[in-house]
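In this text the structure is predicted, and so the values were computed from the model without any measurement.
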Amino acid sequence: MTREYPLEKLRNIGVIAHIDAGKTTTTERILFYTGKTYRIGSVDDGTTVTDWMEQERERGITIVSAAITTSWRDYQINLIDTPGHIDFTAEVQRSLRVLDGGVVVFDGVQGVEPQSETVWRQADRYNVPRICFINKMDRVGADLDYSIQTIKERLGANPIPMQIAIGKESDFKGAVNLLEMKAIIWNDELGSKPEEQEIPQELRALAEEKRKELIEKVAELDDALIEKFLNEEEITIDEIKRALRKAVLANEATPVFCGSSLKNKGVQPLLDAIIDYLPSPLDIPAVNGTDPRNGEEIVRKTSDEEPMCALIFKIVSDPYAGRMAYFRVYSGTIKQGLMAYNPTTDKKERIGRLIRVYADHREDVEEMHAGDIGAVLGFKNIVTGDTVCEAHHPIVLERISFPEPVISVAIEPKTTADNEKMAKALQRLAEEDPTFRVHEDENTGQTIIEGMGELHLEIIVDRMFREFNVQANVGKPRVSYRETITKELPKVEYKYVKQTGGHGQYGHVVFSFKPLPQGSGVVFINEVRGGSVPRDYFNAVEKGVHEAAESGVLAGYPMTDLQVTFYDGSYHEVDSSEMAFKMAATFAFREGVEKAHPVLLEPIMKVEVNIPEEYLGDVLAQLNSRRAEIAGIEMRHGNAQVVRAFVPLSEMSGYATELRSVTQGRGVFSMEYDHYTPLPENKASEVLH
């Protein structure tokens with residue numbers, strides 16, 4: 001079976017933005033204008049295609065990223081609508097990892113918001129070329145120039161305006177295409193028939209000036225064009241498009257478009273821009289992986305002729321279809337019935353049903369080619385981040401890294417009948433979401449669930465009730481503290497000696513300890529030379545250290561930010577064993593940590609509060625009472641003030657209600673994990689007792 005669209009006519013793109021900037025509404029319009037839907041879905045009415053979970057429809061937010069395939073101008077577009085709320089940051093991260101380009105949606109009144117910055121930085125990390133869409137141009141206070149300015153200042157980007165708005169706020173009716181110097185007006189209710197017209201007289205001079213700026217900005221990015229520009233030679237539209245596409249692919253420029261998705265204006269030019277400026281799988285660098293047999297680097301080109309390899313970027317438990325694994329094919333062809341090899345687990349699994357996904361509808365296909373995004377039903381032992389490939393051409397692609405959970409709650413089933421169901425449901429949900437963890441508290445025997453925030457865990461519990469029919473009681477949120485050391489120790493020695501009948505046990509290790517900067521984790525360094533301890537025991541020692549680091553000496557929280565150097569020891573010809581060295585390492589670690597002045601660390605959140613000016617005093621007082629460190633106050637559009645602060649997570653519970661009451665419901669805030677810092681002594685004693 002040949003591919004339906006050649007590779008250069010394929011676009012894998014994501015729609016990313018701050019919560020409530022209009023991503024889902026924009027995605028709905030894209031589906032409508034490309035002929036995928038026959039009516040326009042609305043977030044407010046709960047009739048959207050991509051927000052298909054009940055929780056999404058009730059809250060009017062996106063929780064899981066939804067993948068959709070559609071086409072425009074004879075090009076295939078695989079599109080992923082991602083969440084904007086920081087609690088679901090993993091969804092954005094995994095989507096960006098497998099996408100080639102992004103459409104970043106901004107609110108025309110607010111410009112760049114806190115979460116826009118986070119998703120922008122995530123896109124930077126994966127080098128994803130993007131275009132911008134300034135949405136909500138029909139709202140009071142919408143300002144295209146202001147929004148573009150915030151992209152330049154807050155994101156350090158190089159935005160290139162491709163349009164100017166026709167009409168302000170509620171009179172917004174279209175945009176001037178600066179490349180072709182044509183006005184595009186949307187008069188019909190559904191926005192299906194944009195009309196090209198002459199530029200209104202009052203906007204002519206501004207359009208001429210902005211077009212000159214556009215050509216100059218693009219020419220600066222291209223050596224051939226800058227010469228033409230300086231010699232005042234004519235530059236054609238094709239030349240500008242070519243130079244701009246090259247700059248977008250190199251992440252040197254970001255074209256900016258405007259519109260109002262809710263009012264059905266501005267989406268078709270955005271679709272054209274996706275085709276004109278965003279990359280096809282051929283425009284991105286070949287994917288790198290490692291050979292699991294010898295650790296050597298392998299490069300796989302995006303081509304159907306190469307051996308097959310695909311990355312699993314998401315697992316979904318579908319109540320009807322079962323376990324569904326979303327993948328991106330990087331090379332070769334993936335076929336139904338093929339035996340796929342997973343080098344991480346060294347197991348093979350047969351590919352059951354192959355599916356092209358259209359939000360919660362699906363279409364069976366027989367095969368998928370390099371560059372495609374799809375899903376497979378029936379994989380049992382595959383998790384997010386795994387690679388599937390051909391057994392005789394093994395390759396491991398780089399895994400997707402996810403942030404650590406920062407909040408936890410105890411959960412217990414309401415009845416004993418729910419007990420087994422709850423364990424199953426939690427396991428399925430943890431497979432889907434890498435930032436959600438489940439474990440049992442050794443001391444209390446309680447089941448603890450951990451996540452990225454209160455909303456994240458609230459949704460998990462809600463899904464458990466609806467999808468798995470499990471009733472559960474949830475405790476109060478608990479903060480995930482960490483432990484570390486504050487003092488260097490040059491020598492900690494431990495001999496593990498046990499004499500029993502027959503063989504004894506003998507393991508002897510000498511460590512040094514050193515505190516490390518924030519975010520370093522636990523670093524183990526082996527400097528044993530000269531055979532004082534045989535190589536066979538090195539792994540056991542390292543394992544002992546890492547296992548001991550999982551629970552610290554103060555309150556059993558995981559250890560972080562310290563270095564353990566193993567530099568000496570001794571062994572016994574007969575009595576030494578891996579077990580003995582592991583035990584010696586565990587005891588030496590605990591002893592060392594106790595002597596190195598251990599302290600508790602607490603997670604600090606980066607909080608941004610957006611409020612009308614008159615509430616500033618009250619909000620600052622509120623934050624100060626929560627041990628906040630105010631990082632800055634900034635005037636925004638209108639009389640809005642934005643307070644940026646660092647606040648301990650333990651102090652943030654109930655803040656949403658308090659902020660609402662003091663600002664009469666007009667204040668909004670967003671928070672994300674930033675770093676760990678030592679807990680003040682008076683607070684530490686509260687946690688420890």
I'd like to check the salt bridge (Lys or Arg N to Asp or Glu O under 4.0 Å) partners of Arg644; sequence neighbours left out, ordered by chain and number. Glu634
Cation over ring, Arg328 on Tyr326, under 6.0 Å and within 45°? no
In sequence, state the C-alpha distance, the side-chain angles, and the governing distance for Thr26 and Phe133, and then conclude on side-chain contact (heavy atoms from CB on, under 4.5 Å). CA-CA 9 Å; Thr26 305; Phe133 182 61; 4.1 Å; yes
Please check if the side chain of Asn264 supplies one atom and the backbone of Arg29 the other of a donor-acceptor pair under 3.5 Å. no
Which atom pair, heavy atoms only, marks the closest approach of Phe172 to Lys265? O-CE, 3.5 Å
Quick check: closest heavy atoms across Lys9 and Asp74, and the distance to 0.1 Å? CD-O, 3.3 Å
Can you check whether Gly108's main-chain N or O pairs, donor with acceptor, with Ser147's side chain at less than 3.5 Å? yes
Using salt bridge (charged side-chain N to carboxylate O under 4.0 Å, His left out) as the criterion, point out the one residue from Arg73, Lys246, Arg11 that pairs with Asp276. Arg73
Check whether any side-chain heavy atom of Leu221 lies under 4.5 Å from a side-chain heavy atom of Ile160, and answer yes or no. yes
Here the gap from Ile148 atom CD1 to Leu144 atom CG, rounded to the nearest 0.5 Å, amounts to 4.0 Å
For Ala183 and Ile166, work out which heavy atoms get closest and say how close. CB-CD1, 3.7 Å
Can you see whether Thr25 engages Ser261 through a side-chain donor-acceptor pair at a distance of less than 3.5 angstrom? no
A side-chain contact here means heavy atoms from C-beta on lying under 4.5 Å apart; do Cys132 and Ile151 qualify? yes
Test side chain to side chain contact (heavy atoms under 4.5 Å, CB included) applied to Glu208 - qualifying residues, sequence neighbours left out: Met181
Could you tell me which non-hydrogen atom of Pro161 sits nearest to which non-hydrogen atom of Leu214, and how far apart they are? O-CD1, 3.9 Å
Any side-chain to backbone donor/acceptor pair from Asp171 onto Gly167? Under 3.5 Å, distance only. no
Partners meeting side-chain hydrogen bond (donor to acceptor under 3.5 Å, both in side chains) with Asp283 (sequence neighbours left out): Arg245, Ser280
